[in-house]
Amino acid sequence: MSNDKTKPRLRFFENAAGQQHIPEKDKYLYAVTPPTHRLAIIGTGTIGQEHMRVARLLGRAAVHGIFDSEQRSIDVALANFAALETGLPEGQRHPVPIVYPSLDSVCNDPAIDALMICTPNYTHFDVLQVAMASGKPIFLEKPMATTLSDAAATVALARSYASFVQIGLQYRYKAQYVESLHEALTRKSVGEIRMISMSEYRPPFLDKVGQWNKFNDQSGGTLVEKCCHYFDLINLFAGARPARVYASAGQSGVFDALTRDGRKSDIDDNAFVVIDYDNGCRANFTLNMCSPDFTEELCVVGTKGRLIASERFDMHHAQEAKTSLSLELGEHGASREVALGYASVIEKSGHHGATYFEHAAFLDRLEGLGGNAATPEQGLWSMLVASAAQESSKTGDAVDLTGFIAANGLAEALGVSTVSD
Ligand SMILES: NC(=O)c1ccc[n+]([C@@H]2O[C@H](COP(=O)([O-])OP(=O)(O)OC[C@H]3O[C@@H](n4cnc5c(N)ncnc54)[C@H](O)[C@@H]3O)[C@@H](O)[C@H]2O)c1
């Protein structure tokens, strides 16, 4: 996609060595429209670098500047970003991003149009408040905070913000979920949705700077940190308010040997979660972190059929993810099974292409074109289910969400009454 949305562009040929003889003046399909927005990336770790790569590929916004509290993260991000320029013709090279010396300086440089906060979860609320003083559009990585009270405060701040805050719940842009949401909610192919089943089998959480994701207080807990993606999706499919949550979760020893500052890692690495929605829909979620490769599966059953979306990423064979959607409609319509995928340059840019479309949604919003990106309210609903599940696994009891919302003072932020209706 270029800035000029009406003009075609052939990325595979524009960068091909055998096409570099085409002079600038003759480029039409290969012509690159200069970016019209300037982004700053705050936190240039794993996902910050992915956002830099994706912004570069999408081409609608330049990465004008970066900020990170660790020099090593800055050096690596700049080196990896520079490597993307290798072999590109002059007209397609991206200027080296400015390295800002402080959070204040990056947020308040008038040259920057929008801020992307990609720092660890426990820093989100503090960084966000500095960023909001700038009045600029803000992208805030998921989960929006580590505690429900900070998440609710974020919703309140975002409501009175003159610009907007988008939450990085990007799984809704994975090919299999885009298609599943369309089939289930727009085409209503499976009828009225009754059951949703979702699972992630994966290797242990990856290493991070300071290993913040191995500690409940810094990450918000496993179900908040990573699984908010899945609870956001389940909430979208259910189309109703979660009413009751039960979970069983624990540690199977994956991080037993991991310590920081004398503290032992305390996060769960496996869980079963059951959610009852107030429209009668039931959902479950399974997480397992002891698997060699990544597999996600979604099964949605309605009054007219069953939908199965699956993604398998076999990293040991260095293959791209295999993604598919299967619809079983019996006598209600045409059943089918299709392989899905985005263009390979897009898939390779990160999270199997979802990050690219998440960026496009952010820029659409910035340009006043609307969009379906995650709002702070949706971010809070995903955290609510995750936090209730963590509470349930601690006490062994199911959590009634009306009481949980009241006890945590979340009714206003969620826009609900705490009296059961
Ligand atoms: N949307 C997704 O699918 C997705 C994927 C991965 C991570 N994330 C989220 O992105 C965030 C970062 O995760 P990551 O995997 O990149 O972690 P990371 O540890 O790889 O990188 C975090 C970076 O932030 C820097 N940092 C820490 N505190 C900072 C501060 N106060 N100011 C500036 N820089 C600071 C660190 O030095 C590091 O370079 C987390 O919130 C995580 O949950 C989202």
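Indexing begins at 1, ligand by ligand and atom by atom, following the structure's order. All values reported here derive from a predicted model rather than from experimental measurement.
- Which of L103, D126, V209, I47 comes nearest to atom 16 (O) of ligand 1 through a heavy atom is settled by distance: it is I47.
- Proximity of a side-chain donor or acceptor of Q390 to a complementary backbone N or O of V224 within less than 3.5 Å is detected.
- Checking side-chain atoms of Q378 against main-chain N and O of T375 turns up a donor-acceptor pair under 3.5 Å.
- Using a 4.0 Å cut-off between heavy atoms, H229 contacts ligand 1 through its side chain alone, with no backbone atom that close.
- Here the options are E358, E311, H351, the test is side-chain hydrogen bond (donor to acceptor under 3.5 Å, both in side chains), and the partner is K174; only E311 passes.
- Ring-plane geometry between F139 and F362 is classed as perpendicular, the angle between the planes exceeding 60 degrees on a 0 to 90 degree scale with a lower cut at 30.
- Residue-level proximity to ligand 1 for C118 is carried by the backbone, the only part with a heavy atom below 4.0 angstrom.
- With hydrogens left out, the protein atom closest to atom 37 (O) of ligand 1 is D68 OD1, 2.6 Å, a heavy atom.
- Within the structure, the closest approach of N121 to ligand 1 falls below 4.0 Å when heavy atoms are considered.
- The only option from Y277, Y230, W381 that meets the side-chain hydrogen bond (donor to acceptor under 3.5 Å, both in side chains) definition with N235 turns out to be Y277.
- Closest to atom 14 (P) of ligand 1 by heavy atom, among K208, K226, Q170, E141, is K208.
- Shown in contact with S73 at under 4.0 Å from a heavy atom are these atoms of ligand 1, numbered in order with element: 37 (O), 38 (C), 39 (O).
- Between W212 and ligand 1, at least one pair of N/O atoms sits closer than 3.5 Å.
- The ligand atoms of ligand 1 that sit less than 4.0 angstrom from a heavy atom of E225 are 43 (O).
- Residue G168 has at least one nitrogen or oxygen atom sitting less than 3.5 Å from a nitrogen or oxygen atom of ligand 1, judged on distance alone.
- Residue-level proximity to ligand 1 for S69 is carried by backbone and side chain together, each with a heavy atom below 4.0 angstrom.
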Evaluate E225 against K208 for salt bridge (Lys or Arg N to Asp or Glu O under 4.0 Å), listing each step before the verdict. CA-CA 13 Å; E225 146 52 13; K208 300 288 167 189; over 6 Å; no
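- Checking side-chain atoms of T286 against main-chain N and O of S199 turns up no donor-acceptor pair under 3.5 Å.
- Scored by the side-chain hydrogen bond (donor to acceptor under 3.5 Å, both in side chains) test, D75 finds Q71 as partners (sequence neighbours excluded).
- Every atom of ligand 1 is numbered from 1 in the order shown, and the set under 4.0 Å from a heavy atom of H124 is 41 (O).
- The closest side-chain donor-acceptor pair between S197 and N284 falls under 3.5 angstrom.
- Of the listed residues (M116, R72, Q71, K142), the one carrying the non-hydrogen atom nearest atom 8 (N) of ligand 1 is K142.
- Across S102, G45, P120, heavy-atom proximity to atom 24 (O) of ligand 1 is greatest for P120.
- Atoms of ligand 1 found under 4.0 Å from any heavy atom of F67, numbered from 1 in the order shown, are 32 (N), 33 (C).
- At the top of the distance list for atom 11 (C) of ligand 1, counting protein heavy atoms only, stands T119 O, 3.2 Å.
- Residue H351 approaches ligand 1 through these ligand atoms, each under 4.0 Å from one of its heavy atoms: 2 (C), 3 (O), 5 (C).
- Under the 3.5 Å distance criterion, the side-chain polar atoms of D266 are matched with a main-chain donor or acceptor of N216.
- Closest protein heavy atom to atom 31 (N) of ligand 1: T123 CG2, 4.0 Å.
- With sequence neighbours left out, D269 forms a salt bridge (charged side-chain N to carboxylate O under 4.0 Å, His left out) with no residue at all.
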